[in-house]
Structures are given as structure tokens and as C-alpha cells.
Amino acid sequence: MKTENVKLQKGDVTVMDCGGIRVHVYNTKDAIDDQVIVLERPHKIMKGGKGIVVELPCFKDSIEEMTRYLKDQRIDVEGKLVAYHAAGDFLPGVKSYMTESAHRYNTVGGGKGLIDNFAGAFGDAFDATVTGDGERIGDGKLNIAGIEMVINPDNDAYEIEIPEIKAIYMHMLGHDCHSIVAGAGHADAIIANLRRYLDRGYELFLSAHYGPETREDVETKIAYLEGLKEIASGC
């Protein structure tokens, strides 16, 4: 897999050429350290291709920067897969896709609460616009822009499998930093989910708050969670 890094004015983009699919991971370098993922089905001859955006940038300067990048790369975005990050008036003419759980999370649940809090904390720099409802999706296969995916709904939103490139999208991973763990039971559930993806041969792990990660990184995260449970059991 060929990888390159593209420096932008504010953030940067890690581009991974996985053959039939090119993955662009935009590190916004914003105040909440968001990543925006673009899955591109490249044209065979000319520059650019058809694409899908996974999650949205929510700060106005990041929205402008990513819009320019997509135009420069000639990526024609055909859908926005919105799971945990629904704030930001990004590509308003492109249809968004949400599970029922993601719609609840982002309009009346925990996601909406975060959007309101961020709007208060960051003021005009933050775009609190919640993307339109778009189309509801459910558990199972989904094809947008010629890219086959599998949607796995959860209590809050959903995760995405991209089998062709053995990749997974999840909200949080981060092998060398702490992510939200709401107790021992939650840690066990995270471990079981990660092991399930490892057992099924997935190799590339994408998330909304960290750069691309590997199977080795996932094993590191599992070991951390096991250690966290052991420490917590004595508290």
C-alpha cells in the first residue's frame, strides 16, 4: 500500500492507495482533533474519481479547507456517511446517510449535547449546523460510488466495514491515548468488538479522532484495556 502525506494550510491529509480504492484521511488539527475520511474510487485514466465522505468537519476553516482539497483532487462526492459527527454545513448538496441510532444521537442524544456545548465553547469558529436527515440506512450491505460497505449499527451510531481493502471505520481507537471507557463492561465490549475484526482479517483501522492504525495498534489497545480493567478492579 502506497502512502503519502499532503500538507494543507491548516491540517494535512494522509493518502493511502489501496488499489481499487484510495483512502484520504484529513487531520483537521482542530480544537477537538477530528479526522475526516474520504473513500475514493479513482477513475482509471484521468485524475480524480467518485467518493464517499465519512464524518464531517465541524469548524468553518476546516470545512473550507476540505472543500478546496476535494475540488483540487477532482473527487466527486456522492454521499456523506454521518455517524458520530453531524455538525458542519459541509457539501450541503450531497445526500447524508444515517442509521436510526445515529439520527437520534445527533438530533436529541449525546451528539446533540456535544454540538450545543462546542457551539458555546468555540463561538463563531464552530459550525453548529446539523446535517440534513438524508437517507436512513440499516444493518448490512451498502454501495455508494461503486464502493461496497457493510454497516454495523450500535447503540449510538454505526461502524463501517470496507471489505475490499480490509478496512474498518469506528468512532474511536487511538492505541497510545485514552478513549471513552464507561466501565469494565464497556471495556469488555470494546475488546470483543476489536477481536472480532482482527479474527475476520481486517488490517486497516480508521477512526474519527486518530490517524490510520494497524492490527498491531489494535493489539496494543486491547492490552491497554485489559490493564485498565485490572487497575480499576482494585479501586
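Along the sequence shown, residues carry numbers from 1.
Under the 4.5 Å side-chain contact rule for hydrophobic residues, Tyr169 and Val13 do not share a cluster.
A distance-only check finds a donor-acceptor pair linking the side chain of Thr220 to the backbone of Glu216 [under 3.5 Å]. Side-chain atoms of Glu65 come within 3.5 Å of backbone atoms of Gln9 as a donor-acceptor pair (strictly under, hydrogens ignored). Using a distance-only test at 3.5 Å, with no hydrogens or angles considered, a donor-acceptor pair links the side chain of Lys60 to the main chain of Asp124. The backbone N or O of Gly174 sits less than 3.5 Å from a side-chain atom of Glu213, completing a donor-acceptor pair. Lys80 contributes no side-chain N or O that, together with a main-chain N or O of Thr131, makes up a donor-acceptor pair within less than 3.5 Å. Lys29 contributes no side-chain N or O that, together with a main-chain N or O of Asp12, makes up a donor-acceptor pair within less than 3.5 Å. Glu203 places no side-chain N or O within 3.5 Å of a backbone atom of Arg215 that could act as its donor or acceptor partner. A donor-acceptor pair is defined here as one N or O able to donate and one able to accept, closer than 3.5 Å; such a pair exists between the side chain of Asn106 and the backbone of Ala83.
Asp217 and Thr214 are linked by a side-chain donor-acceptor pair at a separation below 3.5 angstrom, with hydrogens and angles left out of the test.
Side chains of Tyr224 and Val181 form no contact here, defined as non-hydrogen atoms less than 4.5 Å apart. Considering only heavy atoms from C-beta on, Met16 comes within 4.5 Å of Val25 through its side chain. With contacts defined as side-chain heavy-atom distances shorter than 4.5 Å, the pair Leu228/His178 qualifies. Side-chain contact between Asp139 and Asn152 is present, with heavy atoms from C-beta onward closer than 4.5 Å. In this structure, Glu55 and Val36 have side chains that are not in contact, with every pair of non-hydrogen atoms separated by 4.5 Å or more.
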>> With salt bridge (charged side-chain N to carboxylate O under 4.0 Å, His left out) as the criterion, how do Arg41 and Glu78 come out once you've worked through the C-alpha distance, each side chain's angles and the decisive distance to 0.1 Å?
In response: CA-CA 11 Å; Arg41 177 70 79 188; Glu78 296 190 352; over 6 Å; no
>> Working note: Lys112 + Asp116, criterion salt bridge (charged side-chain N to carboxylate O under 4.0 Å, His left out); need CA distance, chi angles, decisive distance, verdict.
In response: CA-CA 6 Å; Lys112 181 60 165 63; Asp116 292 343; 2.9 Å; yes
>> Run Glu100 and Arg136 through salt bridge (charged side-chain N to carboxylate O under 4.0 Å, His left out) and show every step you take.
In response: CA-CA 6 Å; Glu100 189 60 43; Arg136 291 288 187 282; 3.0 Å; yes
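For Asp34 against Asp30, the heavy-atom pair with the smallest separation is N-OD1, 3.1 Å.
Checked against a 6.0 Å centroid threshold, the rings of Tyr69 and Tyr26 do not count as neighbours.
More than 12 non-hydrogen atoms from other residues, nucleotides or ligands lie less than 6.0 angstrom from CG of Asn143. Counting heavy-atom neighbours within 6.0 Å of Lys10 NZ, excluding the residue itself, gives a total above 12. The number of heavy-atom neighbours closer than 6.0 Å to NZ of Lys47, taken from other residues, nucleotides and ligands shown, is above 12. At most 12 non-hydrogen atoms from other residues, nucleotides or ligands lie less than 6.0 angstrom from CD of Glu230. More than 12 heavy atoms of other residues, nucleotides or ligands shown are found within 6.0 angstrom of NZ on Lys229.
Relative orientation of the His209 and His85 rings is perpendicular, given thresholds of 30° and 60° on the angle between their planes.
Salt-bridge check for Arg200 with Glu161: passed, with a basic side-chain N closer than 4.0 Å to an acidic carboxylate O. Under 4.0 Å is where a charged nitrogen must lie from a carboxylate oxygen, and between Glu226 and Lys221 no such pair does.
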